[in-house]
Amino acid sequence: MATAILLSALAMSVIVGVRYLLASGGFALATRVRKPGLYRGLGRQIGREIGWSLASALIYGIPAGVVAWGWQARGWTRIYSDMRDFPLWYWPLSVLLYLLAHDAWFYWTHRWMHRPRPFRIAHAVHHASRPPTAWAAMSFHPWEALTGAVVIPALVFLIPIHVAALGMVLTIMTVMGVSNHMGWEMFPHWMVRGPLGRWLITASHHQRHHEHYACNYGLYFRFWDRLCGTDRGLGSFRETA
């Protein structure tokens, strides 16, 4: 049993690492095409971001692997594969519930990480990316990676979710995490500056966090920042030569 759990954890770490390389690499390539020169001179920083991110992938894979083994071998979780187990309308609702729960967890742990001691010990690694790049999405100190690694594995024991819906949650998490750090805005102006952008977080909103630190802590939605008075609007981006 221990060997099976270990292999599952190792496999999930590899999957998370490959997902990171593909997603961040894809968005970095898009940046090279759309914003040539934006990452010029950031080679050493990007190398550090990749190193920390691959270490984080290993940490993320451990609880994910344990949960994956428990789901398949013991039926521990509330993940289901038969669409008939719940009404069809529950599929998108479960995705939203996971995003809301993850966003709340991220806001409060992220805000805590900005207290002097946790910041100095752990979160400073992430903010060493100045400016952040598409490779910085998982650039975390191991202690910070642990806070992010447990939330989705914990939720699958609490909230029922179809395996494909879980895949959707992980895809959204990956895309948002990478795109929010690209250093430019990929979403259209009408969305970012319009009513939808008042509630959804994109790179413009997260950029302000990397500019001023003590604001804009959310991951997907702006309502925690608005409710707690930590929303400081949208940031500016580095100009290319």
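Position 1 is the first residue of the sequence; numbering continues from there.
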Do [X] and [Y] belong together in a cluster built from hydrophobic side chains that touch within less than 4.5 Å?
{"X": "Met138", "Y": "Val151", "answer": "yes"}
{"X": "Met83", "Y": "Met168", "answer": "yes"}
{"X": "Leu100", "Y": "Tyr107", "answer": "yes"}
{"X": "Met12", "Y": "Ile152", "answer": "no"}
{"X": "Leu42", "Y": "Val33", "answer": "no"}

Using a 3.5 Å distance criterion without hydrogens, assess whether the side chain of [X] forms a donor-acceptor pair with backbone atoms of [Y].
{"X": "Tyr39", "Y": "Met182", "result": "yes"}
{"X": "Ser94", "Y": "Ile161", "result": "no"}
{"X": "Asp103", "Y": "Leu99", "result": "no"}
{"X": "Tyr90", "Y": "Pro160", "result": "yes"}
{"X": "Ser13", "Y": "Leu58", "result": "yes"}

How are the rings of [X] and [Y] set to each other: parallel, tilted or perpendicular (split at 30° and 60°)?
{"X": "His102", "Y": "Phe106", "value": "perpendicular"}
{"X": "Tyr217", "Y": "His110", "value": "perpendicular"}
{"X": "Phe140", "Y": "His126", "value": "tilted"}
{"X": "His210", "Y": "His127", "value": "tilted"}

Strictly by side chain to side chain donor-acceptor pair (under 3.5 Å), give each pair with a member in [range] just once, sequence neighbours left out.
{"range": "residues 51-66", "value": "Tyr20-Ser53"}
{"range": "residues 69-83", "value": "Asp82-Arg84"}
{"range": "residues 161-175", "value": "Arg19-Thr174"}

Output all residues satisfying salt bridge (charged side-chain N to carboxylate O under 4.0 Å, His left out) with Asp231, sequence neighbours left out; order by chain, then residue number.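 Partners of Asp231 by the salt bridge (charged side-chain N to carboxylate O under 4.0 Å, His left out) criterion, ordered by chain and then number, come out as Arg222.
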Can you measure from [atom1] ([X]) to [atom2] ([Y]) and round to the nearest 0.5 angstrom?
{"X": "Leu158", "Y": "Leu97", "atom1": "CG", "atom2": "CG", "answer": "11.5 Å"}
{"X": "Arg193", "Y": "Glu185", "atom1": "CZ", "atom2": "CD", "answer": "8.5 Å"}
{"X": "Leu200", "Y": "Phe223", "atom1": "CG", "atom2": "CZ", "answer": "10.0 Å"}
{"X": "Thr109", "Y": "Leu146", "atom1": "OG1", "atom2": "CG", "answer": "12.0 Å"}
{"X": "Leu93", "Y": "Trp89", "atom1": "CG", "atom2": "CH2", "answer": "6.0 Å"}
{"X": "Leu21", "Y": "Leu54", "atom1": "CG", "atom2": "CG", "answer": "5.5 Å"}

Arg34 CZ: over 12 foreign heavy atoms closer than 6.0 Å: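 No, because the 6.0 Å sphere around CZ of Arg34 holds 12 heavy atoms or fewer from other groups.
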State whether the number of non-hydrogen atoms from other residues, nucleotides or ligands found under 6.0 Å of Met186 atom CE is greater than 12.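 Yes.
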Can you see which heavy atom on [X] is nearest to which on [Y], and at what distance?
{"X": "Leu96", "Y": "Phe221", "value": "CD1-CZ, 4.3 Å"}
{"X": "Ile59", "Y": "Ala149", "value": "O-CB, 4.0 Å"}
{"X": "Val178", "Y": "Ala134", "value": "CG1-O, 3.5 Å"}
{"X": "Ala203", "Y": "Trp184", "value": "CB-O, 3.4 Å"}
{"X": "Gly65", "Y": "Ser8", "value": "O-OG, 2.7 Å"}

Do [X] and [Y] come close enough that some side-chain heavy atom pair is under 4.5 Å?
{"X": "Phe237", "Y": "Pro131", "answer": "no"}
{"X": "Asn216", "Y": "Thr230", "answer": "no"}
{"X": "Glu144", "Y": "Met113", "answer": "yes"}
{"X": "Leu166", "Y": "Ile79", "answer": "yes"}

What verdict does the side-chain contact (heavy atoms from CB on, under 4.5 Å) test give for Ile172 and Val95, after you've listed the backbone C-alpha separation in whole Å, the side-chain angles of each residue and the deciding distance to 0.1 Å? CA-CA 10 Å; Ile172 294 171; Val95 172; 4.3 Å; yes
Between His181 and His206, does the ring centroid distance fall short of 6.0 Å?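 Yes.
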If we check side-chain contact (heavy atoms from CB on, under 4.5 Å) with Asp225, which of these qualifies: His209, Arg232, His205?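 That would be His205.
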According to side chain to side chain contact (heavy atoms under 4.5 Å, CB included), who are the partners of Trp108, at least two apart in sequence or on a separate chain?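 Side chain to side chain contact (heavy atoms under 4.5 Å, CB included) check on Trp108 returns Arg111, Trp224, Cys228.
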For Glu49, all residues meeting side chain to side chain contact (heavy atoms under 4.5 Å, CB included), sequence neighbours excluded: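 Glu49 satisfies side chain to side chain contact (heavy atoms under 4.5 Å, CB included) with Gln45, Ile46, Ser129, Thr133, Trp135, Ala136, Ser139 only.
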Which is it for Gln207 and Ser236 under the side-chain contact (heavy atoms from CB on, under 4.5 Å) test, yes or no, and what are the steps along the way? CA-CA 7 Å; Gln207 185 74 8; Ser236 58; 5.9 Å; no
Step-by-step side-chain contact (heavy atoms from CB on, under 4.5 Å) determination, Leu155 to Trp105: CA-CA 11 Å; Leu155 288 174; Trp105 174 266; over 6 Å; no
Pair His114, His123 - check side chain to side chain donor-acceptor pair (under 3.5 Å), show working. CA-CA 7 Å; His114 276 264; His123 196 49; 3.1 Å; yes
